[in-house]
Amino acid sequence: MPRVLVVDDEPMVRVFLRTILGSAEDIEVVAEAHDGAAGLQAVQQDRPDVVLMDLRMPGMDGLTAIQRINELADPPNVVVLTTFDADPYVLRALRAGATGFLVKSTPPEELIGLVRAAAQGHTVLSPAAARRLVAVSTDNLAARERARELVGSLTEREAQVLAGLGEGLSNAQIAARLFLSEATIKGYVSRTLDKLGCVNRTQAGLLAHDAGIVDS
């Protein structure tokens with residue numbers, strides 16, 4: 001049963017999310033927080049599997065909270081909550097370690113499914129939003145140069161696995177492409193993330209696009 005923490009400065013948003021997620025028998029909302037600092041404390045105290053994190057909040061904002069959470073041992077999967085999918089802070093949040101983002105207007109039935117996916121470590125990102133974010137990401141010269149330097153440290157097989165992550169492929173799909181077992185790919189993914197200093201597949205996928213090893 002995924003344990004969820006909701007972090008948002010709007011009480012009505014917290015009530016809405018708790019009500020919707022609470023209607024699912026297999027999801028438990030374990031805590032709420034009104035800003036990033038309270039959210040960070042709740043992560044340490046309640047050990048959620050998924051954090052739904054607003055970005056714009058007084059006090060500690062969501063971006064700072066995401067960075068702090070990902071410095072913890074065994075951090076939860078953090079999904080950004082935003083009012084509109086063109087929010088320029090979303091890309092920064094994904095680079096900081098968020099596994100994806102949800103627009104607050106997401107229909108309830110979709111929201112439940114996406115939270116379940118996030119709890120399993122999947123990237124939660126709509127295809128249209130992904131295309132926009134990739135376009136912005138690959139326009140950053142410094143990011144491209146840094147990404148190419150990091151990818152240069154990988155073996156050929158690790159780079160192939162990273163390209164698969166950049167395409168949003170699952171371990172099973174990458175395994176089928178490379179004619180390897182899913183368990184072998186899981187090991188490659190883990191080693192590749194460690195080498196690149198990435199906390200999750202989403203962060204690695206963005207880096208793959210920055211490095212130019214994936215066709216945008």
Under the side-chain contact (heavy atoms from CB on, under 4.5 Å) criterion, do Glu28 and Leu21 qualify, and how do the steps go? CA-CA 7 Å; Glu28 179 185 6; Leu21 296 176; over 6 Å; no

Start with the C-alpha distance between Ser105 and Thr83, add both sets of side-chain angles, then the distance that settles side-chain contact (heavy atoms from CB on, under 4.5 Å), and finish with yes or no. CA-CA 7 Å; Ser105 58; Thr83 304; over 6 Å; no

Could you walk me through whether Ile27 and Met1 pass side-chain contact (heavy atoms from CB on, under 4.5 Å), step by step? CA-CA 5 Å; Ile27 295 176; Met1 176 179 289; 5.6 Å; no

Which is it for Lys104 and Asp54 under the salt bridge (charged side-chain N to carboxylate O under 4.0 Å, His left out) test, yes or no, and what are the steps along the way? CA-CA 9 Å; Lys104 292 182 181 180; Asp54 189 20; 3.5 Å; yes

Quick one: do Thr99 and Thr202 satisfy side-chain hydrogen bond (donor to acceptor under 3.5 Å, both in side chains)? Show the steps, please. CA-CA 5 Å; Thr99 59; Thr202 306; 5.4 Å; no

Can Asp210 and Arg146 be said to form a salt bridge (charged side-chain N to carboxylate O under 4.0 Å, His left out), step by step? CA-CA 8 Å; Asp210 289 341; Arg146 175 59 176 158; over 6 Å; no

Evaluate Gln160 against Glu156 for side-chain contact (heavy atoms from CB on, under 4.5 Å), listing each step before the verdict. CA-CA 6 Å; Gln160 291 171 335; Glu156 180 180 0; 3.9 Å; yes

Taking distance alone, no hydrogens or angles, what donor-acceptor pairs closer than 3.5 Å link side-chain atoms of residues 29-37 to residues at least two apart or in another chain?
residue	atom	partner	partner atom	Å
Glu32	OE1	Arg14	NE	3.3
Glu32	OE2	Arg18	NE	2.5
Asp35	OD1	Ala37	N	3.3
Asp35	OD1	Ala38	N	2.8

Validation: residues 60-72 side-chain donor-acceptor distances under 3.5 Å, sequence neighbours left out:
residue	atom	partner	partner atom	Å
Asp61	OD1	Leu63	N	3.4
Asp61	OD1	Thr64	N	2.9
Asp61	OD1	Thr64	OG1	2.8
Asn70	ND2	Ile66	O	3.1
Asn70	ND2	Ala96	O	3.4

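No donor-acceptor pair under 3.5 Å is formed between the side chain of Arg95 and the backbone N or O of Leu207. Checked by atom type and distance alone, the side chain of Asp8 pairs as donor or acceptor with a backbone atom of Glu10 at under 3.5 Å. Under the 3.5 Å distance criterion, the side-chain polar atoms of Thr184 are left unmatched by any main-chain donor or acceptor of Leu180. Without hydrogens or angle criteria, Ser190 side chain to Gly187 main chain gives no donor-acceptor distance under 3.5 Å. The main-chain N or O of Gly97 is found under 3.5 Å from a side-chain atom of Asn200 such that the two form a donor-acceptor pair.
Val78 is not listed as a side-chain neighbour of Val7, based on a closest heavy-atom distance of 4.5 Å or more. Counting heavy atoms from C-beta on, the side chains of Val80 and Leu102 never come closer than 4.5 Å. For the pair Leu162/Ile213, a side-chain contact is recorded, criterion being any heavy-atom separation below 4.5 Å from C-beta on. Between Arg201 and Asn171 there is a side-chain heavy-atom pair separated by less than 4.5 Å. With contacts defined as side-chain heavy-atom distances shorter than 4.5 Å, the pair Leu111/Leu17 qualifies. The shortest distance between side-chain heavy atoms of Asp49 and Asn77 does not fall below 4.5 Å. Leu5 has its side chain out of reach of Asp46: every pair of non-hydrogen atoms, C-beta onward, lies at least 4.5 Å apart. You'll find the side chain of Pro75 stays beyond 4.5 Å of the side chain of Val199, heavy atoms only.
To the nearest 0.5 Å, atoms CG (Leu40) and CD (Gln45) are separated by 11.5 Å. The CE atom of Met12 lies 8.5 Å from the OG1 atom of Thr19; values are rounded to the nearest 0.5 Å. Considering CD1 of Ile185 and CD of Gln173, their distance stands at 11.5 Å, rounded to 0.5 Å. Expressed to the nearest 0.5 Å, how far CD of Glu149 lies from CD of Glu145 amounts to 9.5 Å. Note that CG of Leu165 is 10.0 Å distant from NE2 of His209, once rounded to the nearest 0.5 Å. With rounding to the nearest 0.5 angstrom, the SG atom of Cys198 is 9.0 Å from the CG atom of Leu206.
Leu114 and Val124 make their closest contact through O-CG2, 3.6 Å (heavy atoms, listed as atom of the first residue, atom of the second, distance). Between Asp9 and Pro58, the shortest heavy-atom contact is OD2-CD, 3.5 Å. Pro76 and Pro48 make their closest contact through CB-O, 3.2 Å (heavy atoms, listed as atom of the first residue, atom of the second, distance). The shortest non-hydrogen separation linking Leu154 to Glu158 is CA-OE1, 3.5 Å. The two residues Ala208 and Gly166 make their nearest non-hydrogen contact at CB-CA, 4.0 Å. Looking at every heavy atom in both residues, Val79 comes nearest to Phe101 through CG1-CA, 3.8 Å.
By the neighbour-count criterion of 12 heavy atoms within 6.0 Å, atom NZ of Lys186 is sparsely surrounded, having that number or fewer from other residues, nucleotides or ligands.
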